[in-house]
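Below: the structure, in structure tokens.
Nothing here was measured: the structure is a model prediction, and the numbers come from that model. All ligand and atom numbering here is 1-based and tracks the order in the structure.
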Amino acid sequence: MKFGTKSVHAGVEPDPTTGAIMTPIFQTSTYVQSAPGEHKGYEYARTQNPTRTALEKALAEIEYGHAAVCFASGMAATDAVVKLLNPGDEVIASNDLYGGTYRIFTKVFAKYGIKFHFTAMENLEDVESLINDNTKMIWVETPTNPLLNIIDIKAVASLAKSRGITTVVDNTFASPYLQNPMKLGADLVVHSITKYINGHSDVVMGCVITKNAEQEEALRFLQNSCGGVPGPNDCFLVLRGIKTLHIRMQRHAENGRKVAEFLNAHPKVQRVYWPGFESHPNHEIAKEQMNDFGGMISFTLKGDLMEDALNVLSGTHLFALAESLGGVESLIGHPASMTHASIPKEEREKAGLFDTLIRLSVGIEDAEDLIADLEKALMLVKEHVSIGG
Ligand SMILES: Cc1ncc(COP(=O)(O)O)c(C=O)c1O
């Protein structure tokens, strides 16, 4: 099956009792047993729920994995993956990554004896130099959030494999439509389903996709033991969202290109971060490992003044100023004070994330309207005439 067909059909069977084409919302906390231990595969709804089962099957199929295990948020999924480790283990993570991931690593798990190293992963030697006998996991986010750097998944995964290290890819920014890390050698894939997979800004959820039964068992144990599970209503909404994932992503990518090109040609814009440009330092890798370049774009303004950035951030109308990404509606955000505020300024700037960076999640509206909205907001930026020359 090709991806579009999978998006529509994956995981979903007509309901055996009624023939309902849509998986019912099994709004129940428990299941009746005919005798102790005699049941239909469902005992208690933290452990199993049929709506969640259908969703997990769909997610495993669209990410080319063995199984998917769902959690109450993207962060709960990340939490479960790190809990696969033991005190003394070390993790190497990309240095440009979602602020909440940085926070859970450094503020939650570091105190339980897990050590985290952060590095730019474009240069494999930087990763290799951090590997030692305790290294158990490499955590990759690509495209990175918010600088849209591209990390070569195949190269990192093959280095990790040669040293017996697990490669985890947070594929939230790309979505399974644009990129399938399992096909490139990753061992585990994490998603904030909240974003593109659900796509309608009305659910918070996460998942981990695994490659084999052993990993699945370990994650199911954590799902049941720690209990951060999503409810059946939310699972139903995500199942519905997945049916249009391919169509939405096509439009996100089409609009992304138009908006990125508009910004790149705008006299008040200093730099546009988008992997679709041939001038992007890792454009060739992006072309190889992604099916398209997506609708996430960051940019800076000439003059690099906070006042100008704030004017643009509150000067759009269609681009709503809000945290998050990946919904059908366009969003504009300020990583330094919003999504990445949990990373210290000094660390942010080391990774190249400056205070005036603006991030866009380009939605699926008509591109002409989105461009007109940005054009209007950019009028609020002062002219910065270069002195001399
Ligand atoms: C790349 C990435 N990973 C993980 C998360 C966390 O997901 P959630 O907000 O669903 O907990 C986010 C949230 O913004 C994200 O952008």
Side-chain angles (χ1 to χ4, degrees), residues 55 59 63 68-83 91 93-109 116 118 121 137 139-151 153 168-179 181 186 188-209 223 226 228-231 234-235 237-238 241 252 273 275 290 294-298 320-327 331-343 348 351 353 357 359-362:
L55 173 60
L59 292 165
E63 267 299 15
V69 183
C70 282
F71 294 90
S73 67
M75 287 321 302
T78 297
D79 173 81
V81 172
V82 184
K83 283 178 181 159
V91 179
S94 30
N95 66 347
D96 178 30
L97 85 173
Y98 172 56
T101 308
Y102 178 87
R103 181 175 54 202
I104 198 173
F105 286 175
T106 56
K107 297 269 164 53
V108 179
F109 284 111
F116 296 90
F118 298 92
M121 291 195 176
M137 195 172 268
W139 189 282
V140 180
E141 206 181 284
T142 181
T144 65
N145 179 3
L147 293 171
L148 283 306
N149 290 320
I150 298 293
I151 295 164
I153 299 175
V168 184
V169 176
D170 181 337
N171 203 28
T172 300
F173 249 47
S175 89
Y177 173 83
L178 291 182
Q179 178 172 279
L188 293 168
V189 176
V190 169
H191 276 284
S192 166
I193 289 177
T194 317
K195 310 294 168 9
Y196 285 112
I197 292 183
N198 181 54
H200 293 74
S201 311
D202 49 12
V203 165
V204 171
M205 199 190 291
C207 70
V208 187
I209 292 115
Q223 184 191 40
C226 302
V229 293
D234 284 354
C235 292
L237 286 172
V238 176
H252 281 298
Y273 299 77
M290 298 174 74
M296 293 305 299
I297 301 169
S298 292
L321 177 62
E323 302 234 1
S324 204
L325 61 110
L331 300 182
I332 189 166
H334 182 228
S337 69
M338 297 165 84
T339 46
H340 290 67
S342 49
I343 304 178
R348 285 199 309 261
L353 198 181
L357 189 88
R359 192 187 79 179
L360 301 178
S361 170
V362 179

> Do any N/O atoms on Gly74 end up under 3.5 angstrom from N/O atoms on ligand 1?
Replying inline: yes
> Is the closest heavy-atom distance from Met205 to ligand 1 below 4.0 Å?
Replying inline: yes
>> Could you measure the distance from the CZ atom of Phe109 to the CD1 atom of Ile104? Nearest 0.5 Å is fine.
In response: 5.0 Å
>> Could you identify the single nearest non-hydrogen protein atom to atom 6 (C) of ligand 1 and state the distance to 0.1 Å?
In response: Tyr98 CE2, 3.5 Å
> Looking only at distance, does Glu141 have an N or O less than 3.5 Å from an N or O of ligand 1?
Replying inline: no
> For ligand 1, which atoms sit closer than 4.0 Å to a heavy atom of Met75?
Replying inline: 6 (C), 7 (O), 8 (P), 11 (O)
> About how many Å separate CE of Met296 and CG of Leu148, when rounded to the nearest 0.5 Å?
Replying inline: 7.0 Å
> When rounded to the nearest 0.5 angstrom, what distance separates OH in Tyr102 from CH2 in Trp139?
Replying inline: 15.5 Å
> To the nearest 0.5 Å, how far apart are CZ in Arg348 and CG in Leu353?
Replying inline: 6.5 Å
> At what distance is the nearest protein heavy atom to atom 16 (O) of ligand 1, and which residue and atom is it?
Replying inline: Asn145 ND2, 3.4 Å
> How far is atom 10 (O) of ligand 1 from its nearest protein heavy atom, and which residue and atom is that?
Replying inline: Thr194 OG1, 2.6 Å
> Taking the six-membered ring for Trp, are His252 and Tyr196 parallel (under 30°), tilted (30 to 60°) or perpendicular (over 60°)?
Replying inline: perpendicular
> What protein heavy atom is closest to atom 1 (C) of ligand 1, reported as residue, atom name and distance in Å?
Replying inline: Asp170 OD2, 3.4 Å
>> What protein heavy atom lies closest to atom 9 (O) of ligand 1? Include the residue and the distance to one decimal.
In response: Lys195 NZ, 3.6 Å
> From Thr78 OG1 over to Leu97 CG, what is the distance, rounded to the nearest 0.5 angstrom?
Replying inline: 9.0 Å
> Out of curiosity, Cys235 SG to Ile193 CD1, how far, rounded to the nearest 0.5 Å?
Replying inline: 8.0 Å
